[in-house]
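Have a look at the structure below before the remarks.
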Amino acid sequence: MMIEQIEKQTRQELFTTLYEEVFPSLAVFVQKMSGSLEDAKDIFQDGLLIYYEKITTQQLAIQSTEKGYLMGICKHLWYKKYQQKRVEVELDLTKASLKMEETPLKISDRMLAMVEHSGKKCLELLQSFYFEKKSMTEISGLFGFSSERSATTQKYKCLEKVRNEIKKRVMKKEDFYE
Amino acid sequence: MSEIEQLEKYLQQELPPEEKLLLDAKCLIDTQLRDTIFYQEQAYAVIRHFGRKQLRAEICELEKRMFTDNLFMQFRTKIQSIFK
């Protein structure tokens, strides 16, 4: 099944299966590494997000072999988190005022809230295309456009609206990044 | 092709080489165009952030069900036995 056709219900079924079949192995791994259930839950949530983005971006078919792939992502996230924790502890112990390695800039919730306020419908349409990678035919049906062409026109109008909103609201760099 | 569509293709590296070259050159002299491209890149980042937030909410809701709903009792027992 191609990910394009996955609607919320199918996605929920997929995520449920992954919880049932992958989470127990991750829990064993995290427990052995002296982590807690909460750690395992956090890692799994992040892992699922990354996994889902990967399969939508690469348009991969979902197969049972993909469970190993998700587990790999989760283990990687764990090691990253574990290393980060260790660095924090070391820094704290030495009370060194070392500058932590800069993490990639993330769009702030504040900027998203501003854009969301100006038009949630547009954001929903845009995320269907750019994030969920739905086709314009699907989007056309979902959002009730008469044709693919009018859905495409609306997509660009919405993108322009978001772009203008950002332009209007960007006063400081802090608005953008967290 | 509209300006926004052209910039999208430019950012996704889907423009024919001659059009890309022309835009590269325009960018060197046109600060407003550079700003527009920057805002468009940020728009994609905001859309992605929105998508991720929605997906995370969906996952959280499911996780909550997995750890409370009787339907998943067997799963829960298995996990609890790992952390006891």
Side-chain angles (χ1 to χ4, degrees), chain A residues 8 11-12 15-16 19-20 23-24 27-32 35-38 40-41 44-46 48-49 52-53 56 105-109 111-112 114-116 120 122-132 152-153 155-168 170 176-177, chain B residues 1-15 30-84:
Chain A
K8 191 178 173 185
R11 193 164 53 221
Q12 291 276 310
F15 288 168
T16 306
Y19 261 103
E20 285 176 328
F23 189 81
V28 170
F29 170 79
V30 170
Q31 195 274 335
K32 276 187 184 156
S36 65
L37 174 58
E38 288 311 308
K41 282 180 177 176
F44 200 70
Q45 274 192 16
D46 290 346
L48 271 185
L49 265 178
Y52 187 76
E53 273 189 60
T56 47
L105 294 172
K106 286 187 200 155
I107 292 294
S108 72
D109 283 339
M111 177 50 82
L112 175 60
M114 286 176 186
V115 176
E116 212 175 330
K120 199 171 176 185
C122 257
L123 267 179
E124 277 166 359
L125 190 153
L126 292 168
Q127 78 97 19
S128 296
F129 182 77
Y130 293 105
F131 187 75
E132 291 189 58
T152 306
T153 309
K155 185 200 87 176
Y156 282 119
K157 274 188 188 166
C158 280
L159 182 62
E160 194 165 7
K161 191 179 170 195
V162 171
R163 190 179 73 181
N164 288 341
E165 200 59 37
I166 290 170
K167 186 178 177 181
K168 209 164 73 186
V170 173
F176 252 113
Y177 303 116
Chain B
M1 199 186 335
S2 65
E3 180 230 30
I4 199 152
E5 195 177 345
Q6 192 193 24
L7 292 183
E8 179 163 292
K9 289 194 167 30
Y10 177 69
L11 290 168
Q12 290 173 348
Q13 303 188 344
E14 285 173 1
L15 274 186
D30 189 342
T31 51
Q32 211 177 336
L33 177 64
R34 283 206 299 271
D35 285 349
T36 306
I37 291 174
F38 171 77
Y39 295 130
Q40 192 154 332
E41 281 180 308
Q42 299 314 312
Y44 296 127
V46 166
I47 294 161
R48 195 173 182 200
H49 191 48
F50 177 73
R52 278 184 175 169
K53 258 187 104 170
Q54 287 209 320
L55 189 59
R56 188 179 286 280
E58 224 178 281
I59 295 171
C60 280
E61 196 187 304
L62 175 68
E63 186 200 271
K64 202 177 161 194
R65 274 191 63 211
M66 302 285 301
F67 283 91
T68 50
D69 201 320
N70 280 343
L71 199 65
F72 304 106
M73 181 68 93
Q74 208 184 340
F75 165 81
R76 209 154 52 240
T77 313
K78 196 171 175 181
I79 301 301
Q80 277 160 357
S81 72
I82 298 168
F83 286 98
K84 67 179 177 190

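Bear in mind that the values here come from a model prediction, so they are computed numbers and not experimental data.
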- Query: Looking at residues at least two apart in the chain, or sitting in another chain, which of them share a ring pair (Phe, Tyr, Trp, His ring centres under 6.0 Å) with B:Phe50?
  - Reply: none

- chain A contact via B:Ile79 - side chain, backbone, both or neither, heavy atoms under 4.5 Å: side chain

- Task: Can you tell which part of B:Glu41 gets under 4.5 Å to a heavy atom of chain A, answering side chain, backbone, both or neither?
- Result: neither

- Looking at B:Arg48, B:Lys53, B:Glu58, which has the largest count of heavy-atom pairs under 4.5 Å with chain A? B:Glu58

- Task: Starting at CG of A:Leu37, measure out to CD of B:Gln80 and round the result to the nearest 0.5 Å.
- Result: 8.0 Å

- Bottom line for B:Gln74: the part with an atom under 4.5 Å from chain A's heavy atoms is neither

- Task: Please name all residues satisfying side-chain contact (heavy atoms from CB on, under 4.5 Å) with A:Tyr19, sequence neighbours left out, ordered by chain then number.
- Result: A:Phe23, A:Phe44, A:Gln45, A:Leu48, B:Ile59, B:Leu62, B:Glu63, B:Met66, B:Phe75

- Task: Apply the side chain to side chain contact (heavy atoms under 4.5 Å, CB included) test between B:Lys9 and each candidate in B:Gln12, B:Gln13, B:Glu5, B:Gln6; give the one that qualifies.
- Result: B:Glu5

- Task: May I ask you to say whether A:Asp46 pairs ionically with B:Arg56, meaning some side-chain N is under 4.0 Å from a carboxylate O?
- Result: yes

- A:Glu165, part contacting chain B, at a heavy-atom distance under 4.5 Å: neither

- Task: Using non-hydrogen atoms and a 4.5 Å limit, figure out which bit of B:Ile37 sits close to chain A: side chain, backbone, both or neither.
- Result: neither

- So which part of B:Gln54 gets closer than 4.5 Å to some heavy atom of chain A, the side chain, the backbone, both or neither? side chain

